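Only one structure is covered here, and it is reproduced in the block below.
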Amino acid sequence: MAVFNRCLRARALAAVTPTTALNYVIQTLSASCLTINSGSDLKSASVLGQNPLHLKRELSSRNVQWVFLGCPGVGKGTYASRLSNLLGVPHIATGDLVRDELSSSGPLASQLKDIVNQGKLVSDEIIINLLSKRLEAGEAKGESGFILDGFPRTIRQAEILGGVTDIDLVINLKLRQEALLAKCLGRRICSECGGNYNVATIDIKGENGNPGMYMAPLLPPPQCASKLTTRADDILEVVKERLRIYNEMTQPVEEFYRCRGKLLEFDLPGGIPESWPKLLQALNLEDHEDKRSAAA
C-alpha cells in the first residue's frame, strides 16, 4: 500500500518506498498502542527515523487539505464536491472508492459486499489500501491538495493520517436525526451516468422551540428518471445500524480534532439553497459562480 505519496516522496529517505513507509507507520502505531488525549500528538513520534514534521509540506506551498466528517447520508459528498470545484482540489470519497471496488472483479469485492450489506464499517486496512491507490493515481495526474470525505472514521485512521501529512481543517456536518433517516432512504443513483439524487421531500414542522426544516428533493433530469437504483445498504434497518456504529466509533475522532483546534462544527439549516451560503460564510469563502447564477 502507498499513502499520501506526495508528502512522503518529497521528504522521506530515497531508499524507502511509499509502501514501506505506510506499513511502517501502521506497525509503529499498532505496536506502541498510542493513547490519544488532548495532550498527545503524533508529532512526537518517530517515523522512518525522522520527526514526522519533516515529512509534512508547508501550508503555503500547497492547496488545502481538508476532511469532511458527518453521519452517513448527511451530505458530505454534496458539499465536499462543491468545495472541490470551488477550490480546485480533488474530492476523494472513500465511500465511492468502496463502491467502485464492489462493482469490479477485484479480490476485495466479495468481502466488501458482506460488510456493506450488513451496515458495518470497512476495516482500516481496506480503506487505507483503496485510498492509497487513489492518491497514487491523482499524483500521477499532477493533483495537489485534497478534500477527504469518509476518512478518517476511527482514531487509528486519524493517527495514521496525522503521521504523514497535515490536515488544515475538519468540517463536521450535522443534521437532525429524522431528516437524516429520510435523506438516507431517499437516495438514488443513476445506473447509467452514476449521478446521485434524492427523491425525499423533507418538511419538518417547528415544535417545542425547535425550528422547522424544509429540504426539497434533488430530482434527476428526464434522461435519468427511468434509470434510478437504490443502494443495497439504504434500507431502514441497515441505515440505523450505520448511524449507531458511526456514533460509537467516529465521535471520538471529532474530539481528536477538536482538541487540536481543527474542528469546525456546522449544523445544516436545510437544503443546499439554505446551507451552502452559510457554509461558505463559516469558511470565509465566496462562490462567485453561485452569485452570478442567482442574479441571472
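As the structure is a prediction and not an experimental result, all values here were calculated from the model.
Remark: side-chain polar atoms of Ser84 are not paired, donor with acceptor, to backbone N or O of Ala80 under 3.5 angstrom. Under a 3.5 Å cut-off, the side chain of Asn208 and the backbone N or O of Asn210 do not form any donor-acceptor pair.
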Is there a salt bridge (Lys or Arg N to Asp or Glu O under 4.0 Å) between Glu125 and Arg156 once you walk through the steps?
CA-CA 10 Å; Glu125 287 74 16; Arg156 184 165 178 259; 3.1 Å; yes
Walk me through whether Val64 and Leu83 qualify under side chain to side chain contact (heavy atoms under 4.5 Å, CB included).
CA-CA 11 Å; Val64 302; Leu83 285 171; over 6 Å; no
Can you check salt bridge (Lys or Arg N to Asp or Glu O under 4.0 Å) on Glu248 and Arg244, steps first, answer last?
CA-CA 6 Å; Glu248 180 180 303; Arg244 184 194 68 78; 3.0 Å; yes
For Leu148 and Leu161: C-alpha separation, side-chain torsions, deciding distance, then whether side chain to side chain contact (heavy atoms under 4.5 Å, CB included) applies.
CA-CA 11 Å; Leu148 294 181; Leu161 182 60; 4.2 Å; yes
Stepwise, does the side chain to side chain contact (heavy atoms under 4.5 Å, CB included) test hold for Val170 with Leu69?
CA-CA 7 Å; Val170 177; Leu69 296 181; 3.5 Å; yes
Gln177 and Leu243: side chain to side chain contact (heavy atoms under 4.5 Å, CB included), yes or no, with the steps?
CA-CA 9 Å; Gln177 181 85 354; Leu243 295 178; 3.8 Å; yes
Would Lys133 and Glu136 count as a salt bridge (Lys or Arg N to Asp or Glu O under 4.0 Å) here? Give the steps.
CA-CA 5 Å; Lys133 290 178 181 177; Glu136 273 194 324; over 6 Å; no
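Within 6.0 Å of CD on Glu192 lie no more than 12 heavy atoms contributed by other residues, nucleotides or ligands. Counting non-hydrogen atoms of other residues, nucleotides and ligands closer than 6.0 Å to NZ of Lys227 gives a total above 12.
Of all non-hydrogen atoms in Pro269 and Lys278, the two that sit nearest each other are CG-CD, 4.0 Å. Annotation for Glu286 and Leu86: closest pair O-CD1, 3.6 Å, computed over non-hydrogen atoms. Closest heavy-atom contact between Gly145 and Val89: C-CB, 4.3 Å. Scanning both residues, Ile155 and Pro252, for their nearest heavy atoms gives CD1-O, 3.5 Å. Minimum interatomic distance between Arg134 and Pro90 (heavy atoms only, all atoms of both residues): NH2-CB, 3.8 Å. For the residue pair Asp267 and Lys174, the shortest heavy atom distance occurs at OD1-CB, 3.3 Å.
A 4.5 Å side-chain heavy-atom check between Glu139 and Leu135 finds every atom pair outside the cut-off. Between Pro220 and Cys190 there is no side-chain heavy-atom pair separated by less than 4.5 Å. In this structure the side chain of Thr201 reaches within 4.5 angstrom of the side chain of Pro217, judged on heavy atoms. Looking only at side-chain heavy atoms (C-beta outward), Val74 and Leu180 come within less than 4.5 Å of each other. Two residues are said to be in side-chain contact when any heavy atoms from C-beta on lie closer than 4.5 Å; Leu175 and Cys71 fail this criterion. Residues Thr229 and Arg188 form no side-chain contact, since every pair of their non-hydrogen atoms from C-beta on lies 4.5 Å or further apart. Using a 4.5 Å cut-off on side-chain heavy atoms (C-beta onward), Leu112 and Val122 make contact. Taking the side chain as every heavy atom from C-beta outward, Trp66 and Leu283 approach each other to under 4.5 Å.
Rounded to the nearest 0.5 Å, atoms CD1 (Ile202) and CE (Met215) are 5.0 Å apart. In this structure, the separation between OG1 on Thr94 and CZ on Arg153 is 5.5 Å, given to the nearest 0.5 Å. Atom CG in Asn129 sits 6.5 Å away from atom CG in Leu108 (nearest 0.5 Å). For the atom pair CG (Asp100) and CG (Leu97), the distance works out to 6.5 Å, reported to the nearest 0.5 Å. Within the model, atoms CZ of Phe266 and CG of Leu279 stand 5.0 Å from one another, a figure rounded to the nearest 0.5 Å. From Phe151, atom CZ reaches atom CD1 of Ile160 across 6.5 Å, with rounding to the nearest 0.5 Å.
Taken together through direct or relayed side-chain contacts under 4.5 Å among Ile, Leu, Val, Met, Phe, Trp and Tyr, Leu173 and Ile204 form part of one hydrophobic cluster. Side-chain heavy atoms closer than 4.5 Å link hydrophobic residues (I, L, V, M, F, W, Y) into clusters, and following such links, possibly through other members, connects Leu185 to Leu268. Criterion: ILVMFWY side-chain heavy atoms under 4.5 Å apart, direct or through other members. Under it, Tyr214 and Trp276 are not part of a common hydrophobic cluster. Under the 4.5 Å side-chain heavy-atom criterion for Ile, Leu, Val, Met, Phe, Trp and Tyr, Leu264 and Leu285 are members of the same hydrophobic cluster. In the hydrophobic clustering of this structure, Val98 groups with Ile126; members are Ile, Leu, Val, Met, Phe, Trp, Tyr whose side-chain heavy atoms approach within less than 4.5 Å, directly or through other members.
Asp168 and Gln65 are not linked by any side-chain donor-acceptor pair at a separation below 3.5 angstrom, with hydrogens and angles left out of the test.
For the pair Arg260 and Phe256, the distance from NZ or CZ to the six-membered ring centre is under 6.0 Å and the angle to the ring normal is within 45 degrees.
For the side-chain contact (heavy atoms from CB on, under 4.5 Å) test, residues two or more places apart in sequence or in another chain that qualify with Arg242 are Pro72, Cys184, Arg187, Arg231, Asp233, Asp234, Val238, Val239.
No option in Ile147, Ile272, Ile171 other than Ile272 meets the side chain to side chain contact (heavy atoms under 4.5 Å, CB included) test with Tyr79.
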